[in-house]
Student: 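Once you've had a glance at the structure underneath, I'll fire off some questions.
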There are 2 protein chains.
Amino acid sequence: MVVDFSKLELNKLIPIYLQIIRHVKMEILAGNAQDGFEMPSRRVLSTLLSVNPNTVQKAYKQMEEEGLIISYPGSKSIVVANEENIIRIRQELISDEVLSFIKSARAMGFTLDQAKNVLDKYWDYKGKEVD
Amino acid sequence: MVVDFSKLELNKLIPIYLQIIRHVKMEILAGNAQDGFEMPSRRVLSTLLSVNPNTVQKAYKQMEEEGLIISYPGSKSIVVANEENIIRIRQELISDEVLSFIKSARAMGFTLDQAKNVLDKYWDYKGKEVD
DNA sequence: AAGACTGTATTATGCATATAATACAGTTAC
DNA sequence: GTAACTGTATTATATGCATAATACAGTCTT
């Protein structure tokens with residue numbers, strides 16, 4: 001099975017290679033990218049995302065260094081989704097995504113209840129308009 | 001009264017001038033930066049944040065163009081926190097902060113209830129460790 | 001065996017961000 | 001009025017990110 005990138009929408013503010021890495025981590029956490037799954041090749045993913053192959057390579061190289069994937073020259077790269085990695089990724093993403101949101105919500109003057117109400121209101125939200 | 005920047009901690013991933021702008025918007029939303037409040041001078045804020053004066057100037061110039069502040073050459077810049085701005089800022093920050101968090105939480109496989117539980121767990125969180 | 005795919009590497013260019021060092025004119029405080 | 005502050009502007013340099021264009025060697029498929 002191959003790790004799915006079809007739901008990754010690139011944001012212009014954050015470096016693309018970091019968004020690729022974060023996407024893989026989220027797919028692992030969500031249980032969609034399991035241990036031993038294949039990564040798409042650098043060239044294939046660069047085409048899919050309309051991005052330069054070197055940008056994808058930068059992401060893959062860093063994931064390699066983090067022990068998130070294993071690459072064999074000539075062959076495809078493989079996901080390493082062992083317990084150790086999953087625990088580390090969960091801590092990292094909670095710290096990056098959850099805590100930064102809480103920080104923002106508090107800075108905006110939200111109480112905990114108000115923050116939960118906002119989640120209720122926008123959880124199933126799809127489009128672009130907000131009110 | 002002068003807009004407070006003492007609680008702004010700079011993140012290395014996001015451009016500094018954007019973090020400055022976002023901080024002002026959050027202070028306005030939270031009701032801390034009220035209409036007519038003074039901004040710290042470019043030089044003073046650059047010293048406070050340990051950042052180049054030109055970086056602060058870039059943030060102030062963009063806020064000027066957004067109608068968020070008014071500057072008079074030689075004098076201090078003033079916050080424009082009218083109803084129109086507040087509504088626009090609220091929409092913008094909800095879109096930027098709330099929707100991006102929801103998107104991340106869903107990508108991590110969280111249900112709405114799980115997301116709320118995470119908020120409960122970390123809302124009052126201070127330090128750096130996560131479990 | 002051959003061709004098409006892999007990973008990996010190098011060199012060059014463009015752009016945005018941030019820094020550094022000045023400069024000048026208007027306002028404010030003493 | 002003078003000094004110390006304002007906003008505003010310019011030029012130069014460095015860095016990170018992304019792109020473009022190649023190149024080479026290993027693996028896989030047929």
Side-chain angles (χ1 to χ4, degrees), chain A residues 1-5 8-25 33 36-80 96, chain B residues 1-5 8-25 33 36-80 96:
Chain A
M1 291 292 292
V2 180
V3 177
D4 177 39
F5 280 83
L8 173 53
E9 297 168 19
L10 293 179
N11 171 318
K12 302 191 175 185
L13 280 182
I14 306 170
I16 295 172
Y17 79 97
L18 291 180
Q19 296 183 59
I20 292 172
I21 296 173
R22 192 180 57 175
H23 182 263
V24 172
K25 289 176 177 175
F37 272 34
E38 286 180 4
M39 295 288 290
S41 84
R42 276 83 163 158
R43 289 170 180 87
V44 166
L45 184 56
S46 75
T47 301
L48 176 65
L49 299 179
S50 300
V51 143
N52 194 280
N54 295 335
T55 301
V56 177
Q57 165 62 8
K58 184 169 185 174
Y60 278 39
K61 186 173 185 178
Q62 183 165 325
M63 286 191 280
E64 179 87 28
E65 289 164 355
E66 286 187 33
L68 221 62
I69 64 173
I70 296 183
S71 302
Y72 305 98
S75 184
K76 294 206 173 165
S77 297
I78 296 298
V79 172
V80 181
D96 286 359
Chain B
M1 291 290 293
V2 180
V3 178
D4 178 39
F5 280 83
L8 172 54
E9 297 168 19
L10 294 179
N11 171 319
K12 303 191 173 184
L13 280 182
I14 306 170
I16 294 171
Y17 78 99
L18 291 180
Q19 295 183 59
I20 292 172
I21 296 172
R22 191 179 58 175
H23 182 262
V24 172
K25 289 176 176 173
F37 272 35
E38 286 180 2
M39 295 287 289
S41 83
R42 277 82 163 157
R43 290 169 179 85
V44 164
L45 184 56
S46 76
T47 301
L48 176 66
L49 299 178
S50 301
V51 144
N52 193 280
N54 295 335
T55 301
V56 177
Q57 165 62 7
K58 184 168 185 176
Y60 279 38
K61 186 173 187 178
Q62 183 165 323
M63 285 190 280
E64 180 87 27
E65 290 164 355
E66 285 188 35
L68 222 62
I69 63 173
I70 295 182
S71 302
Y72 305 99
S75 184
K76 293 206 174 165
S77 298
I78 296 298
V79 172
V80 181
D96 285 359

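Please read these numbers as outputs of a predicted model, since none were measured by experiment. Lettering of chains follows the sequences in order, A, B, ..., and the numbering in each one begins at 1.
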Student: Restricting to pairs with a member in residues 50-61 of chain A, which pass salt bridge (charged side-chain N to carboxylate O under 4.0 Å, His left out), not counting sequence neighbours?
Tutor: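 Applying salt bridge (charged side-chain N to carboxylate O under 4.0 Å, His left out) to every pair that reaches into residues 50-61 of chain A, excluding sequence neighbours, yields nothing.
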Student: Quick one: side chain to side chain contact (heavy atoms under 4.5 Å, CB included) partners of P53(A), sequence neighbours excluded?
Tutor: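 Per chain and number, P53(A) pairs via side chain to side chain contact (heavy atoms under 4.5 Å, CB included) with S46(A).
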Student: Which residues pass the side chain to side chain contact (heavy atoms under 4.5 Å, CB included) test with K76(B), sequence neighbours left out?
Tutor: E38(B)
Student: Identify, with sequence neighbours excluded, every residue that meets side chain to side chain contact (heavy atoms under 4.5 Å, CB included) alongside D4(A).
Tutor: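 For D4(A) the side chain to side chain contact (heavy atoms under 4.5 Å, CB included) partners, ignoring immediate neighbours, are S6(A), K7(A), E27(A).
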Student: If the sugar-phosphate is the primed atoms plus P, OP1 and OP2 and the base is the rest, what is the B/S/- string for nucleotides 23-30 of chain C, using protein heavy atoms under 4.0 Å?
Tutor: B--BSS--
Student: What's the CD1-C1' distance between I14(B) and dT17(C), to the nearest Å?
Tutor: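 One finds 14 Å between C1' of dT17(C) and CD1 of I14(B), rounded.
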Student: Taking side-chain hydrogen bond (donor to acceptor under 3.5 Å, both in side chains) as the definition, give me every residue that meets it alongside D96(A), ordered by chain and number, with sequence neighbours left out.
Tutor: none
Student: Round to a whole Å and report the spacing from NZ of K76(A) to P of dT8(C).
Tutor: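 Spelled out: NZ on K76(A) to P on dT8(C) is 14 Å.
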Student: Checking E64(B) now: which residues fulfil side chain to side chain contact (heavy atoms under 4.5 Å, CB included) with it, not counting sequence neighbours?
Tutor: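 E64(B) satisfies side chain to side chain contact (heavy atoms under 4.5 Å, CB included) with I69(B), S71(B) only.
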Student: Tell me: CG of L18(B) to P of dA16(C), nearest whole Å?
Tutor: 13 Å
Student: Between P on dC5(D) and CZ on R42(B), what's the gap in Å once rounded to a whole number?
Tutor: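 Those two atoms, CZ and P, are 17 Å apart.
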Student: Provide the full list of side chain to side chain donor-acceptor pair (under 3.5 Å) pairs with a residue in residues 8-19 of chain A, sequence neighbours left out, each pair given once.
Tutor: E9(A)-K103(B)
Student: Given side chains that start at C-beta, do those of L45(B) and I20(B) come closer than 4.5 Å, heavy atoms only?
Tutor: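 Yes, side chains in contact.
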Student: Just how far, in rounded Å, is P of dA16(C) from CG of L13(A)?
Tutor: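 For the pair L13(A) CG and dA16(C) P, the rounded distance is 13 Å.
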Student: Looking at dC5(D), I'd like to know if its phosphate oxygens (OP1 or OP2) sit under 4.0 Å from a side-chain N or O belonging to S41(B).
Tutor: no
Student: If you measure from OG1 on T47(A) to CG on N52(A), what distance do you get to the nearest 0.5 Å?
Tutor: 10.5 Å
Student: Rounded to the nearest Å, what distance is computed from the NZ atom of residue K12(A) to the P atom of nucleotide dT17(C)?
Tutor: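 To the nearest whole Å, that distance equals 13 Å.
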Student: Go through the structure and list residues passing ring-ring contact (aromatic ring centres under 6.0 Å, His included) with F5(B), not counting sequence neighbours.
Tutor: H23(B)
Student: Take the C1' atoms of the five end pairs on each side of the helix from dA1(C)-dT30(D) to dC30(C)-dG1(D), derive the two axes, and give their angle rounded to 10 degrees.
Tutor: 30°
Student: Using atom CD1 of I70(A) as one end and atom C1' of dT8(C) as the other, report the distance to the nearest whole Å.
Tutor: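 Answer to the nearest Å: 17 Å.
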Student: Going by the salt bridge (charged side-chain N to carboxylate O under 4.0 Å, His left out) test, which pairs reach into residues 39-50 of chain B, not counting sequence neighbours?
Tutor: none
Student: Residues of residues 44-69 of chain A with any non-hydrogen atom less than 4.0 angstrom from an atom of DNA chain C: list those, numerically ordered, please.
Tutor: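 Close to the strand are V44(A), N54(A).
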